[in-house]
Chemist: 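Take a look at the following structure, please.
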Amino acid sequence: MTITTNAGDLDRRLLMDRSVTGRKAFTVPESDVPAQELPDSSLLRDDVELPEVSQLDVIRYFSVLSQLNFSIDTNFYPLGSCTMKYNPKINDELANLPGLAEIHPLQPEETVQGAIRLLKALQDDLGEITGLPGVSLAPLAGAQGEYAGLLIARAYHDARNDDKRTVAIVPDSAHGTNPASASMAGLDVVTVRSDAQGNVDVENLKELASSNTAVFMLTIPSTLGLFEPNILEITTIIHNAGGLVYADGANLNALLGLVKLGDLGVDICHSNLHKTFSTPHGGGGPGSGPVMVTDELAKYLPKPVAEKADAGYLLASPEQSIGTINGFHGSFSIAARAYAYIKALGLEGLQSVSENAIISANYIQAKLRDKYDLAADRYCMHETVLSATRQKKRGVAGIDIAKRLLDFGIHAPTMYFPLIVDEALMVEPTESESKETLDHFIAVMRQIDDEIDSNPAVILEAPHDLPVTRLDEATAARKPVLRWAPAE
Amino acid sequence: MTITTNAGDLDRRLLMDRSVTGRKAFTVPESDVPAQELPDSSLLRDDVELPEVSQLDVIRYFSVLSQLNFSIDTNFYPLGSCTMKYNPKINDELANLPGLAEIHPLQPEETVQGAIRLLKALQDDLGEITGLPGVSLAPLAGAQGEYAGLLIARAYHDARNDDKRTVAIVPDSAHGTNPASASMAGLDVVTVRSDAQGNVDVENLKELASSNTAVFMLTIPSTLGLFEPNILEITTIIHNAGGLVYADGANLNALLGLVKLGDLGVDICHSNLHKTFSTPHGGGGPGSGPVMVTDELAKYLPKPVAEKADAGYLLASPEQSIGTINGFHGSFSIAARAYAYIKALGLEGLQSVSENAIISANYIQAKLRDKYDLAADRYCMHETVLSATRQKKRGVAGIDIAKRLLDFGIHAPTMYFPLIVDEALMVEPTESESKETLDHFIAVMRQIDDEIDSNPAVILEAPHDLPVTRLDEATAARKPVLRWAPAE
Amino acid sequence: MASSVNTSPNHPYIPSTDSERREMLGVIGVNSLDDLLGDIPIEYRHPRLSLAAGLSEQELSSVFSSFAAENASSATGYISFLGAGAYSHYIPSTVRSILQRGEFVTAYTPYQPEAAQGTLQVGFEFQTIICQLTGMEVANAGMYDGPTAFAEACLMAARVTKRTRIGVLASADRRLPETLDAYSKHQGIEIVELSPDVTEIPDDLACIGIQSPNFFGAIEDVERLTKLAHDSGALSVVHVNPTALGLFRPPGDFDVDIVTAEGQPLGVPMAFGGPYVGLFACKKSHIRQMPGRIIGRTTDTQGRIGYALTLQTREQHIRRERATSNICTSTQLIGLMVAVYVATLGKQGMKDLASLCYQKAHYAASEINRLEGFSVETNGTFFHEFVVRCPASPQSVNAALLERKIIGGLDISDRAEKSMLICVTETSSKADIDRLVAALGEIGDRS
Amino acid sequence: MASSVNTSPNHPYIPSTDSERREMLGVIGVNSLDDLLGDIPIEYRHPRLSLAAGLSEQELSSVFSSFAAENASSATGYISFLGAGAYSHYIPSTVRSILQRGEFVTAYTPYQPEAAQGTLQVGFEFQTIICQLTGMEVANAGMYDGPTAFAEACLMAARVTKRTRIGVLASADRRLPETLDAYSKHQGIEIVELSPDVTEIPDDLACIGIQSPNFFGAIEDVERLTKLAHDSGALSVVHVNPTALGLFRPPGDFDVDIVTAEGQPLGVPMAFGGPYVGLFACKKSHIRQMPGRIIGRTTDTQGRIGYALTLQTREQHIRRERATSNICTSTQLIGLMVAVYVATLGKQGMKDLASLCYQKAHYAASEINRLEGFSVETNGTFFHEFVVRCPASPQSVNAALLERKIIGGLDISDRAEKSMLICVTETSSKADIDRLVAALGEIGDRS
Ligand SMILES: Cc1ncc(COP(=O)(O)O)c(C=O)c1O
Ligand SMILES: Cc1ncc(COP(=O)(O)O)c(C=O)c1O
């Protein structure tokens, strides 16, 4: 397996291009049972055209590919709303213990007491952290947690025969999964405006809240990195209108031990274990998006819910469960990692996580506010949303700044989100990055701003030293090439 | 932890430079025993000045450093005499099984039967492969295997009161460890010449072999990648002179299943498990250099030697053992990997290893011989020694070619060794590299030769895209800086 | 405010020290953390939490060792014959090795393709592999798991056909229609159960959802059922076992429209049910209705090949409430496991493995079928698993097996009288199978 | 010649296929492999070998699982109190994680520094850490193990002083003088045993070799002994336990000339004895007599910092028979483990760990000392381990402990009557210690 072409460039050939008839990377054992008759050959295929490569090829190919990635393990990765924090290595090890990794989801409960006990302990801790004691770990990611939460809201209204409630009110700053989940749940999405300070426009919300309001979906802190100051008023408005308050807790990293969502009038929330609770993001999953609810709503939780009975731990199906939202019991080994994370930090450590996440974001904000506009000019929580509008006027857009950061080994912030902020650059440093790293980021951001005047080309042509320069995404979408095909 | 400086260069600061008082990457558990009185404070130190960094710092620092390396997992690495072949991942896993990695070397034998059985099985296989049935796995690397072998030779002569035998005859092509080991063993090193074909000059050897010859050290195949055609004559000459024949089996990768050293008159040999038997080289060890001897010499082997008795497996000390050459029983987990390698390949597989290693080396030789001189113009075994003399005349030395190869992601061959070849480039492709990789190497080597005429600067200034260009090694040796020191 | 900044000693996961925190607060221009929390209602700030104190790594390891020790697994000497959607397969060392690479593990969704060519090229390999295995034209980069992939496939069929009734074969794993139900219940979709032998279907179905091999291990007649679907303008959605595709004709041979599968058998640990990866492939013509991430090939400004997320206008972050799915964080890393697994087994390995599993399951079935009181009930060709009717309740048989450190087949007496579903893969040696058979023999004799 | 090219199916470790082999042979210009083997005496070519056939990875795993299962370890429920040169310590996850990086694991000696800055910078970190821990000026990048490091240190002292007699304290682990003997026996070196209380030494010693803590766990008076050595022109060579250096004054405080240690306690698995790494540090003035690889800092043609092997003229590949040692392949990867371990524990962790070990060992000693019939014989300050005199033969006590799944202390009745050397580190919980004490109590009562 070569890694460069003869010209010395990175060799981008795919495995199938490198395949040679007869090579192999693995040997399946010989059968040790008496030969059985194969089925009718009409049922059988000839060959599967799959790569034929050596074992070294496999290792070298994927090892070299891995080095083309930025990652937490190798780079500062302040991708807003994604909480790219350190993923402790011990958690991966513990989740891979044979006694946890090699158990079948349908084993009799008495043979998996350790696994269920773990799930129960995590449920308890998440309930405590959010102040919403009904917990199901079934959802496989944040979006599925949202969807489960919305099904719970619908089940609640249905149980009360309150069947006119078909509207989900969603702030204009919400993450795309919020409206998408709402519409999967058969709800009409109605948008509530943000006001000039980035808060929910309470007047607008009052207008919208009504007898058809099923649920109000509030991201807290919001995608602007702001804690909603009118939260108590808002939850009262919704409750008075007979609706439920759903909190998108993807940004829970700001709140650990500082406030409980349940105390504020939130009825349902989800949290992303792959963000706040530090399970690895894996290049885009797997995740886990537990849903937490008030005691009252616990009977609707998706199954299973781990419980402790006299005879031991068991996986129960709540009375009026919204049912099965996926194959088995959720992302078990992600839950295991999250629980290990909580145990390693403990109460003080979790508080310290949020405290430091908040201080770091505000520090960056304070150090960059003279150069970059802020989406909201006030203290932020765990992330700060910058706006490159001033830079845009000088000829360099948010995306250009993002790409230029890559030249310094810094992953770009989340770009162009939330949608309500022009040229948004959403910066979430997390508590696991040191002050030096923040200072480095600040220095580079300031330097990029200087470069707009001194050397704009260096920004516009960035990134410079990565395996590719900017890609033609338009053609990719217009003429999709989505798989290897044999050369013609 | 930042990975670039503010200027965008790789940040080469050391851990101590990155240390911040109060940071930590690990927590030692609180004591669970009643407090014990500490000793007199005059015995105690204040602090150890060690890095204070976070856990993410540790992971990121070492992860980024790792990417600065070439390695088998990421690069073709035809480093001659080093047998840089694929190191199967399964072997690392198996050696790390808790039942193998967490056992103490001094455990009672009845509690480590599996470990000793493994060692015995490996001894047996190595004895079979080399035709020298007395095996000790004690030596920790090839050089220690050599040394053990020489001590055995001395013990043999001593036992016969043949105490005038104080000379080791060593070919001029030998690896540096051969003479170094001989002199540690108190032997005077006498050099035998190679002839024009790269063979041992038999006439010269005849002159040198005498009643003071303790041992003749023959590397087979030699460091020129050649099998000594006069081996039978040579071993006879030495035996007739009363000496013993020591074979440096570091290059055993050429011989597996093709010939047994014991059949040829070799009395003692070592083999490098970290070469032929595919244990990872680790950036320069750990290794393992078992020593194999004839039945007659087995009583001198260093301890321990695994044996099977009626009551089970045990670690024995041979009757007239040369003693303990290191702490415990050798590199156990390296031995485990080597045994896994042998088991995975089996007889046919091992033969195939050598066959393919030989074909690959000869293929490279055949494809480059019009451009590069050969150290010996005949078929080679598992490696071919090129000489860049023609290139040197055109202004480009062996080292320049070596550095230029790095630009193509190819590790350089062993340079300037063996010492008897001008501008030597010793190329060992191994059986685990595919023909495409060999073709790529060949193409690049030919292109470099072309570049001498078209663009010599590109060679002379190579490497171009690595973290450093060529280093000032002279100053490094003249004014050694060997450790971090606080900035003054 | 003394309490405002936590002054506990540094934690290994949190680098900032007290003095750094103070310095940063100074730059921000506040005295304490609480000055930053003004938006949080003061009466609810700093609540009391009942959570334990933090543990050192060594202590944490002990806690987890206890969890693990309380479970019965191969590590504690058990053998198991459970399948039914999650399968025990040998996972090659290459998979674990590559899965340890932090650059893959700790990256996120490749929003910046220049800094994510590793993840992206792997995703492209994954899509290729899924197409090659299933014989389909296009595949996405993975769904949450098999059942959600199936549910989203049915919803996609509804979008494509603009119909709202979905047929699902009665022989399918119930988790498929159940998940579909949870995914569709508020979208006006109706689920219709169809017999596998159905020869006529209602003419307003969006699709027929087929599991093959079905829940009972038997191969369905996908070709016939697909024709039946197409005849009435419905799509054919087939949920496969990917291991079986090493041996059996792929859905692509039968003009199937959408193929889904649980990807777990392809190198993913059973891990008590997750995380897994849903496989999703379809005809190229339906691609703009496909849910999930898709990776495409393109070129950079210098004309070099590169990969990027593509067709994103289907997705929630752009299309919001009109997206083809709400899926965002998906299962890229599990997709990597699948890619490395299939690359490692390769053409020959996938074929050999399917044959070996076939051999073992059929050997086990024939041995069990010989036992007095037990009968194998799965008819025709089966793969991996088969139904065994027991002389006593499956529950009691399983309890007796468990005493012998054997985890028996899944009790399916709710679906077939006195029956269990026994699964045998290459991880069961002949000795294991014989041990099961002997144990069943003993248990049968007693009952 | 049909047999000449092995025509067995491809092996996963060998990519070349039959047709490629034939093509390559064609280019070489021969018909068969045997044409390339002309130099090997034909009568000995292709010997019969009695070796088994190759195994698949799955089969190989079973073979190794059996090896592992036959050993008593924490994995099989045993607790152990063995030390005496190899110690059980908790190894942080960071160490294992970094140790999985193929770029470190599958590189070799950094002969091309431009392509090995990772290995080199780590080696420089290692040298720094060893200097900081020992308080010495310079360190090399690692030796094979502790005893060989000690032996090479004594040989180095002989070279430096040009003397041939080496004194070793009687309280040292016998493996130290034994290895020294094997390393020096043909170099005209004589080894002299010295009492730890020695107040006068022969005036022709090259060095005094001191182990502290000594074999019995006790701290030696390194300061006094070093002065004694220096007074007669001898060097002082001290073999330390690196964990103890978190707490106790380092040899550098006492003007020691050469320090060696077994590096295993710093994050390296016990692994039945190896591979480990020898630590080696000395005064700067002696550096050109130091054995082993040394990494130095330098600059590249652009003035950037870089690292490279340095002072290579001491080494065998240059100096050949006049080299300072024959060492070539050393223990770079184990050095990496040490570097990651010490970086992870850091300043506070190394101190805390040493204290914790101290607390535990002293607790165990005091509890055992209370038992009827048992007495702790190590006098003064000890670390990690201590001598316990038993009421019966240590062998019989250990046999009784083993029945209780306790691996007792090392039987040292050859060195101290009826005694065993018991070691306690942080991996023994109080419960483990109490279990040992209770068991000893029972066993003592019976004898
Ligand atoms: C605010 C917010 N809500 C919801 C989500 C969706 O979570 P997931 O990606 O796990 O589905 C995300 C994450 O991307 C998010 O940032
Ligand atoms: C021919 C030869 N002999 C001896 C050795 C020494 O082996 P080691 O480095 O394991 O001490 C080597 C390896 O470098 C070698 O190539």
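It should be emphasised that the depicted structure is a prediction, and the values quoted were computed from it without experimental measurement.
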Chemist: If you count the non-hydrogen atoms of other residues, nucleotides and ligands that lie under 6.0 Å from CD in A/Glu30, is the total more than 12?
Modeler: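 Not more than 12 within 6.0 Å, no.
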Chemist: Where does A/Gln67 contact chain D at under 4.5 Å (heavy atoms): side chain, backbone, both or neither?
Modeler: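 When you check distances to chain D, only side chain atoms of A/Gln67 fall under 4.5 Å.
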Chemist: What is the distance from atom NE2 of D/His11 to atom CZ of A/Phe26, rounded to the nearest 0.5 Å?
Modeler: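 Output value for this atom pair is 11.5 Å.
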Chemist: Quick one, D/Thr17 with A/Val20, criterion side chain to side chain contact (heavy atoms under 4.5 Å, CB included). Give me CA distance, side-chain angles, the key distance, then yes/no.
Modeler: CA-CA 8 Å; D/Thr17 62; A/Val20 170; 4.1 Å; yes
Chemist: Please report the interatomic distance CD1(D/Ile14) to CG(A/Leu56), rounded to the nearest 0.5 Å.
Modeler: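 Going from CD1 on D/Ile14 over to CG on A/Leu56, the span is 12.0 Å.
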Chemist: Assess whether atom CG of A/Asp17 is packed by more than 12 heavy atoms of other residues, nucleotides or ligands within 6.0 Å.
Modeler: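 Enclosed: over 12 neighbouring heavy atoms sit under 6.0 Å from CG of A/Asp17.
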Chemist: Out of curiosity, A/Ser63 OG to D/Arg101 CZ, how far, rounded to the nearest 0.5 Å?
Modeler: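 One finds 8.5 Å between OG of A/Ser63 and CZ of D/Arg101.
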Chemist: Output the option from A/Lys89, A/Gln55, A/Arg23 having the highest count of non-hydrogen pairs under 4.5 Å with chain D.
Modeler: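 Sorted descending by pairs with chain D, the first entry is A/Arg23.
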Chemist: Please round to the nearest 0.5 Å and tell me the distance separating atom OG1 of A/Thr27 and atom CD of D/Glu59.
Modeler: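 That separation rounds to 9.0 Å.
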Chemist: Would you give the length of the straight line joining atom CG of A/Asp92 to atom OG of D/Ser93, rounded to the nearest 0.5 angstrom?
Modeler: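 Going from CG on A/Asp92 over to OG on D/Ser93, the span is 9.0 Å.
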Chemist: Does atom CG (A/Asp46) have a neighbourhood of more than 12 heavy atoms from anything else shown, all under 6.0 Å?
Modeler: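 No, because the 6.0 Å sphere around CG of A/Asp46 holds 12 heavy atoms or fewer from other groups.
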Chemist: Highest number of heavy-atom pairs under 4.5 Å with chain A: which of D/Gly102, D/Ser97, D/Gly54?
Modeler: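 Greatest number of close heavy-atom pairs with chain A: D/Ser97.
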